[in-house]
Amino acid sequence: MAFETINVEVDDHVALIKLDRPDAMNALSQQLVGELLQALEEADANEKVRCIVLAGSDKAFAAGADIKEMAKLGFVDVFNANLFAQVNDRIAAIRKPIIAAVAGYALGGGCELAMACDFIIAADTAKFGQPEINLGVIAGIGGTQRLARFVGKSKAMDMNLTGRLMPAEEAERSGLVSRVVPAKKLMEEAMGAAQKIAEKSQISVLAAKEAVNRSYETTLSEGLRFERSLFHSMFATEDQKEGMSAFLEKRQAQFRDK
Ligand code: HXC
């Protein structure tokens, strides 16, 4: 199916999904959210794809949920529709890594969407925020929960209560983003990171993603046990033999996902 609010390209084992509502700062309309979730699931199911990059435009990753669509809704509407409830669950079910490449505004649902990805690479133009408070509402898909875990209570409170925007440099310092690069280099950096991931054994990539994500869901001792079991299970793979042999033979590993 052709998408209208996003663009998808698959090249060299990387699926690049670009949000594409330039007239609305990539606001997350219901159509865009539906298309995005479908594209992520298709990329996850596509054997050729080994990593996913999610990006917006130079001006905006996404300026939040579509306010024009939400303005007319009442409690019963959003409660019955369970508005945005699918987003976290369906993104959490994606097994392949998703890198958010953020330039410009990542606000409200846009910031939350970036945080739902596995890590964020930001342009120096990026601005993160949870300005829902200015609209008389609060964040709805992780802006009070993930943000507090990523940047700590004080900054999460500051952003959620005042609605202030956090610039890229502060976002890196605070642990919200993994790297900040000049805006012109953003896509090269994000695609380069995706390529690096694509070269690894997919078994260990999926296991590493699952293990890190588990750290947000469980106690340290349970998480360590989970990690150790996965670590032990890697020794049942051919890729473990190949990776370690290649190191000892001083050559590049040729992983076969076996
Ligand atoms: C709908 C939006 C929009 C949004 C921008 N636009 N953000 N439309 N929903 N979230 C539209 C504007 O109405 C305008 O359309 C066009 O995009 C360009 O925006 P401008 O405001 O003219 O641009 P600028 O002055 O550069 O300001 C950019 C901005 C500002 C700082 C990003 O647009 C802004 O503050 N946007 C709203 C951010 C926000 O409050 N986000 C949280 C949403 S609630 P026209 O037609 O006038 O040209 C939310 C809840 C999440 O996300 C809960 C779960 C998902």
Side-chain angles (χ1 to χ4, degrees), residues 15 17 28 33 36-45 49-54 61-62 64-65 79 82-102 106 108-122 128-130 132 138-160 166 171-179 193-194 197 200-237:
I17 303 177
L28 308 175
V33 169
L36 172 61
L37 294 174
Q38 186 185 331
L40 286 169
E41 285 162 357
E42 284 175 5
D44 207 33
V49 172
R50 301 172 71 86
C51 190
I52 301 164
V53 173
L54 178 60
F61 177 74
F79 183 76
N82 212 0
L83 193 68
F84 293 115
Q86 286 195 350
V87 176
N88 280 319
D89 292 348
R90 286 176 66 186
I91 294 181
I94 304 292
R95 297 185 76 199
K96 290 173 187 167
I98 312 172
I99 302 172
V102 174
C111 185
E112 295 172 302
L113 177 61
M115 289 191 289
C117 296
D118 295 310
F119 64 98
I120 302 173
I121 299 181
F128 299 86
Q130 299 297 157
E132 291 93 337
I138 71 167
I141 48 170
T144 67
Q145 301 302 301
R146 286 200 182 90
L147 190 64
R149 283 168 166 81
F150 295 168
V151 305
K153 177 183 170 184
S154 196
K155 280 181 187 289
M157 280 288 188
D158 183 359
M159 289 169 74
N160 275 282
M166 180 185 272
E172 184 182 28
R173 184 160 28 94
S174 312
L176 178 56
V177 312
S178 71
R179 339 177 177 174
I197 293 168
K200 318 293 183 204
S201 163
Q202 190 164 58
I203 303 170
S204 46
V205 165
L206 299 190
K209 167 170 169 159
E210 201 176 345
V212 174
N213 281 335
R214 184 61 70 97
S215 75
Y216 284 92
E217 306 288 347
T218 192
T219 62
L220 179 60
S221 59
E222 281 307 315
L224 289 170
R225 218 188 310 275
F226 181 76
E227 176 192 78
R228 194 173 59 242
S229 292
L230 279 180
F231 168 68
H232 289 163
S233 68
M234 297 294 115
F235 287 75
T237 67

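Numbers for residues simply follow the sequence, beginning at 1.
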Measure the spacing between CE of Met234 and OG of Ser229 and express it to the nearest 0.5 Å.
10.5 Å

For the CG atom of Asp158 and the CG atom of Leu147, what is their distance to the nearest 0.5 Å?
10.0 Å

What verdict does the side-chain contact (heavy atoms from CB on, under 4.5 Å) test give for Leu224 and Leu220, after you've listed the backbone C-alpha separation in whole Å, the side-chain angles of each residue and the deciding distance to 0.1 Å?
CA-CA 6 Å; Leu224 289 170; Leu220 179 60; 3.8 Å; yes

Work out which heavy atom in Ala106 is nearest to a heavy atom in Cys111; give both atom names and the distance.
O-CB, 3.2 Å

Between Lys209 and Ile197, does a side-chain contact (heavy atoms from CB on, under 4.5 Å) hold up when you go through it step by step?
CA-CA 11 Å; Lys209 167 170 169 159; Ile197 293 168; over 6 Å; no

Donor-acceptor pair, side chain of Asn160 and main chain of Gly143, under 3.5 angstrom:
yes

Can you name the closest pair of heavy atoms from Leu54 and Cys117 and give their distance?
CD2-SG, 3.8 Å

Would you indicate whether the side-chain heavy atoms of Ile98 and Leu40 approach each other to under 4.5 Å?
yes

Roughly how far, to the nearest 0.5 Å, is the CD atom of Glu172 from the CE atom of Met166?
12.0 Å

Rounded to the nearest 0.5 Å, how far apart are CD of Glu227 and NE2 of His232?
10.0 Å

Determine whether a donor-acceptor pair (N or O, by modelled atom type, separation under 3.5 Å) exists between the side chain of Ser201 and the backbone of Ile203.
yes

Minimum heavy-atom distance Ile141-Phe84, with the two atoms named:
CG2-O, 3.6 Å

Within the supplied structure, the quantity of interest is the number of heavy atoms (other residues, nucleotides, ligands) at a distance under 6.0 Å from Gln145 CD; does it exceed 12?
no

Thr218 side chain reached by Phe226 side chain, heavy atoms, under 4.5 Å:
no

Please report the closest heavy-atom contact between Arg179 and Ala193, naming both atoms and the distance.
NH2-CB, 3.8 Å

Does Arg95, at its CZ atom, have more than 12 non-hydrogen atoms belonging to other residues, nucleotides or ligands within less than 6.0 Å?
no

Proximity of Phe150 and Tyr216 rings by center, below 6.0 Å
yes

Check this for me: does any side-chain nitrogen of one of Glu217 and Arg214 sit under 4.0 Å from a carboxylate oxygen of the other?
no

For the residue pair Leu36 and Leu113, establish whether any side-chain heavy-atom pair is separated by less than 4.5 Å.
yes

Is there a side-chain contact between Gln202 and Lys96 in this structure, where contact means two heavy atoms from C-beta onward sitting under 4.5 Å apart?
yes

Would you find a donor on one side and an acceptor on the other, under 3.5 Å apart, between the side chain of Asp118 and the backbone of Ile99?
no

Non-hydrogen atoms of Leu230 and Ala207 that approach each other most closely
CD1-O, 3.6 Å

Sub-4.5 Å side-chain heavy-atom contact between Gln130 and Glu112
yes

Could you pull out the closest heavy-atom pair between Ile121 and Ser178, with the gap in Å?
CG1-OG, 3.9 Å

Nearest 0.5 angstrom please: Phe61 CZ to Ile120 CD1, how far?
7.5 Å

Should the heavy atoms of other residues, nucleotides or ligands under 6.0 Å from CZ of Phe79 be counted, would the total exceed 12?
no

About how many Å separate CZ of Arg149 and CG of Leu176, when rounded to the nearest 0.5 Å?
14.5 Å

